[in-house]
Chemist: 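My structure is below; once you've seen it, I'll send some questions.
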2 protein chains.
Amino acid sequence: MPASGEKQPKYQRIAEALKAAVESGQYRAGDRLPGENDLMETYGVARMTARQALGVLQSEGIAEARKGAGVFVRSFRPLRRRGIQRLAQEHWGSGRSIWSADVESRDLVVDQISVSEEGAPEGIARVLGIEPGDPACVRSRRFVLDGKPVLLATSYLPAALVAGTRITEQDTGPGGTYGRLAELGAGPVRFREEIRSRMPTADEATRLHLTTGTPVILICRTAFSEDGRAVEVNEMTLDAASYVLEYDFDA
Amino acid sequence: MPASGEKQPKYQRIAEALKAAVESGQYRAGDRLPGENDLMETYGVARMTARQALGVLQSEGIAEARKGAGVFVRSFRPLRRRGIQRLAQEHWGSGRSIWSADVESRDLVVDQISVSEEGAPEGIARVLGIEPGDPACVRSRRFVLDGKPVLLATSYLPAALVAGTRITEQDTGPGGTYGRLAELGAGPVRFREEIRSRMPTADEATRLHLTTGTPVILICRTAFSEDGRAVEVNEMTLDAASYVLEYDFDA
DNA sequence: ACCCCTAGGATGTCTAGAGATCACGAAGGA
DNA sequence: TCCTTCGTGATCTCTAGACATCCTAGGGGT
């Protein structure tokens, strides 16, 4: 709790007033907030100062500016995404999804997909146990929920393992990539997920339509087959405002 | 991959040049970057534009401005934090930590701790299966690594379960809270962790000494005993730049 | 050798403008 | 009725300054 007697920049005072108004329910999700011109007049500040105040709300993920339209209160309705382990315990072909049940009623589709064979980058190659530049099957996808892109995923598989199989096609068939790997005798039995969070790069912000101030969650999943070899690396970039990750464990 | 022919704001061009220089190794972690005055001269732009360019690097967590000193490349040396399940599979008293081995050599301590009995807030009470306002044992801690605060944790336990036991003291003894719960016959056998990420509130930024542009990771862990009751809720706030979360699963 | 203290330089805050770009609704034409 | 065009207003980019605040290095005194 910051002492209220402290000297505070103008833009912070304005930002706090706006935040209080949002929290009090004066403005609801989707409502338009007072814009730059309104704040200039109301508080008697310059344009850049009003912008700075609105920037605070944007950087905290409370508001979202739409160029030419105004600044609006953001809605927060995250996807619940379950850890891979529950899915793995069932059969690959069971048709169950990694997403929780409430997603089923929403419109989640893949709107961009590319599958190609490329040289594996340094870090990926090291994990997969191949040489940097060795051929890898690279599958990049973008997932869109209710018209909003929420997930970028890039999967790497050693080309030596999957060349000539259906995995190198866009549609990998029922059970997905893991189902096909199982048929090849390289079904994953162990997974590791590494989770990071940071601010998006300009490219990520563009592809996920992120507004200023929303972080991304990075998940790097490595799948291991029974003999301990890494058979897949899947790098995922998630809009943090759109996701809650769920992990369940039994001790 | 953005087309290079596109018209781009000056501050983005400058920011990209700086980022490229950092990635090429021209500037290393801790090095001082060209400041506002340097950029004004080099690129012939106004002060606010140079600031905006540097702001991009700060908001992406690449650089950190120190008032009166300059803008510096941030070092990213995250803690690797293992999921609770590996720890749970061992004995609570085994002395093994939730942190990976590389943390052992660093200086991780609790520098703030408070234990009290309070009324449980709405959301916590619902999870714990008690009435809102019913007494709960609340343990708040701040963890400091190498002098930098990295983790805020608040643990809630039903007071009816733990009143009069060592759990209500600051030092819960070997094996920690879960060890004591096991002695009470309420040892946790199942866990759920929910992970979110967002920008910090002003209070979180202060307590974790966060600089502009670093998100926080929120982990809400619920521990369940054998009879399916929730026996603990642990809310954690992590400096995203200081952590990588690791989850391992067997299918 | 050590300490204090000051001057310079750095970022932070703020002003008052200007043109560019984009969204949206209103007016007008087919 | 539908579509196109256009103007208004909104955010975005950028300029050229000014003062405030803070860090740091170096000089001078002890």
Chemist: Nearest nucleotide by nearest heavy atom, which residue falls closer to the 5' end of DNA chain C, Lys67(A) or Gln52(A)?
Modeler: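 Counting from the 5' end, the first nearest nucleotide belongs to Gln52(A).
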
Chemist: Map Gln12(A) and Gly70(B) onto DNA chain C by nearest heavy atom, then report which one ends up closer to the 5' terminus.
Modeler: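 The residue mapped nearer the 5' terminus is Gly70(B).
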
Chemist: Which residue pairs pass the salt bridge (Lys or Arg N to Asp or Glu O under 4.0 Å) test with at least one member in residues 17-26 of chain A, sequence neighbours excluded?
Modeler: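 The answer is Lys19(A)-Glu60(A).
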
Chemist: Is it true that the NZ or CZ of Arg32(A) lies under 6.0 Å from the centre of Tyr27(A)'s six-membered ring and within 45 degrees of the ring axis?
Modeler: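 Checked: cation-pi criterion not met.
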
Chemist: Which is the 5'-most and which the 3'-most nucleotide of DNA chain D that has an atom under 4.0 Å from a heavy atom of chain A?
Modeler: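 Result: dG9(D) to dC14(D).
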
Chemist: Hey, could you give me each pair passing salt bridge (Lys or Arg N to Asp or Glu O under 4.0 Å) that has a residue in residues 112-122 of chain A? Not counting sequence neighbours.
Modeler: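 Found Glu122(A)-Arg126(A).
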
Chemist: Would you find a donor on one side and an acceptor on the other, under 3.5 Å apart, between the side chain of Lys10(B) and the backbone of Gly44(B)?
Modeler: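 Side chain of Lys10(B) to backbone of Gly44(B): no pair is present.
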
Chemist: Assess whether a salt bridge exists between Glu194(B) and Arg80(A), defined as any Lys/Arg side-chain N lying under 4.0 Å from an Asp/Glu carboxylate O.
Modeler: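 Yes.
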
Chemist: Would you say the side-chain atoms of Thr214(A) pair up with the backbone N or O of Ala241(A), donor to acceptor, closer than 3.5 Å?
Modeler: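 Flag not set: sc Thr214(A) to bb Ala241(A) has no pair under 3.5 Å.
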
Chemist: Between Arg141(B) and Asp111(B), is there a side-chain N and carboxylate O pair less than 4.0 Å apart?
Modeler: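 Answer for the salt bridge query: no.
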
Chemist: Which parts of residues 35-48 of chain A get close to DNA chain D, meaning a heavy atom less than 4.0 angstrom away?
Modeler: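 Result for residues 35-48 of chain A: Gly35(A), Glu36(A), Asn37(A), Arg47(A), Met48(A), sorted by number.
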
Chemist: How far does OG1 of Thr237(B) sit from CD1 of Ile217(B), to the nearest 0.5 angstrom?
Modeler: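 Output value for this atom pair is 10.5 Å.
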
Chemist: Distances under 3.5 Å between protein N/O atoms and the N/O atoms of nucleotides 6-8 of chain C, please, pair by pair.
Modeler:
none

Chemist: By the side-chain hydrogen bond (donor to acceptor under 3.5 Å, both in side chains) test, which pairs, at least two apart or in different chains, include something from residues 45-57 of chain A?
Modeler: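 Passing the test, one end in residues 45-57 of chain A: Glu36(A)-Arg47(A), Glu36(A)-Arg51(A), Asn37(A)-Arg47(A).
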
Chemist: Could you grab the distance from atom CG of Asn234(B) to atom CD1 of Ile219(B), nearest 0.5 Å is fine?
Modeler: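 Here the interatomic distance stands at 9.0 Å.
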
